[in-house]
Amino acid sequence: MVSSYLADVIRQYTGGDAHHLRQRFPRVVLWDRDTFEGFLDGYADGDGFRPRTWSARVLVSANVPFLSELAQIVGARFTPRTNGSASHLVIADSWPSRGTFEAERHPLQLKESEWVEVREVRGRRAGSKPFTLYSYRLDPCPGFLVNGHAARQSW
């Protein structure tokens with residue numbers, strides 16, 4: 001993440017923590033099986049791998065509570081390493097046949113998100129510049145995000 005503010009918003013959405021060993025499992029990915037499979041693929045791409053010899057994903061992390069919770073969701077056995085090294089969780093591609101996955105519905109709206117009413121838009125002449133400048137007033141806050149871009153009240 002380039003912006004610490006955006007990183008905080010993503011953490012809020014997924015239930016994370018800035019410290020990697022305190023990050024909880026992002027239960028929002030349990031929306032449906034396709035979403036969860038996408039999460040597993042993404043995690044394996046970043047912190048894991050697919051073995052060449054069998055159909056599975058091997059996930060690697062030092063965050064034992066995270067891997068323990070994930071193991072329960074996929075019905076896998078998990079034994080954390082005790083020597084201070086990162087632990088490995090093997091998730092066989094046949095995990096859905098265990099019947100342990102239960103979809104969960106979580107609110108998808110961020111705490112800071114809400115729709116606002118636009119009362120007026122006024123164009124301003126920008127001199128000889130090749131663009132249009134719009135002036136706006138924001139109440140009650142002087143800034144907000146628009147599609148991930150910070151917008152601030154012009155002075």
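Only this structure's heavy atoms are used, side chains among them; waters, hydrogens and symmetry mates stay out.
Under the side-chain hydrogen bond (donor to acceptor under 3.5 Å, both in side chains) criterion, Asp45 pairs with no residue, sequence neighbours left out. Legend: residues meeting side chain to side chain contact (heavy atoms under 4.5 Å, CB included) with Val90, ordered by chain and number and at least two apart, are Trp54, Ala56, Val58. Legend: residues meeting side chain to side chain contact (heavy atoms under 4.5 Å, CB included) with Ala86, ordered by chain and number and at least two apart, are Val60. When the side chain to side chain contact (heavy atoms under 4.5 Å, CB included) test is applied to Glu104, the partners found at least two apart in sequence or on another chain are Arg27, Leu30, His106. Looking at residues two or more places apart in sequence or on another chain, you find no ring-ring contact (aromatic ring centres under 6.0 Å, His included) involving Phe78. The side chain to side chain contact (heavy atoms under 4.5 Å, CB included) search around Arg50 returns Asp41, Arg57, Asp93, not counting sequence neighbours.
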*asked:* Could you go through Val28 and Thr35, starting from their C-alpha distance and side-chain angles, then the distance that decides it, and tell me whether this counts as side chain to side chain contact (heavy atoms under 4.5 Å, CB included)?
replied: CA-CA 9 Å; Val28 70; Thr35 304; over 6 Å; no
*Start with the C-alpha distance between Ile73 and Phe25, add both sets of side-chain angles, then the distance that settles side chain to side chain contact (heavy atoms under 4.5 Å, CB included), and finish with yes or no.*
CA-CA 10 Å; Ile73 292 166; Phe25 178 79; 3.4 Å; yes
*Please walk me through it: do Leu59 and Asp47 pass side chain to side chain contact (heavy atoms under 4.5 Å, CB included)?*
CA-CA 6 Å; Leu59 308 183; Asp47 288 326; over 6 Å; no
*Just do the side chain to side chain contact (heavy atoms under 4.5 Å, CB included) check on Asp34 and Phe39 with the steps written out, would you?*
CA-CA 9 Å; Asp34 287 337; Phe39 168 78; over 6 Å; no
*Quick one: do Phe36 and Tyr43 satisfy ring-ring contact (aromatic ring centres under 6.0 Å, His included)? Show the steps, please.*
CA-CA 10 Å; Phe36 184 63; Tyr43 196 97; over 10 Å; no
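For Ser85 and Asn83, the side-chain atoms include at least one donor-acceptor pair closer than 3.5 Å.
Screening residues 94-103 for side chain to side chain donor-acceptor pair (under 3.5 Å), with sequence neighbours left out, gives Glu37-Trp95. Within the structure, no pair that satisfies the salt bridge (Lys or Arg N to Asp or Glu O under 4.0 Å) test touches residues 70-90, not counting sequence neighbours.
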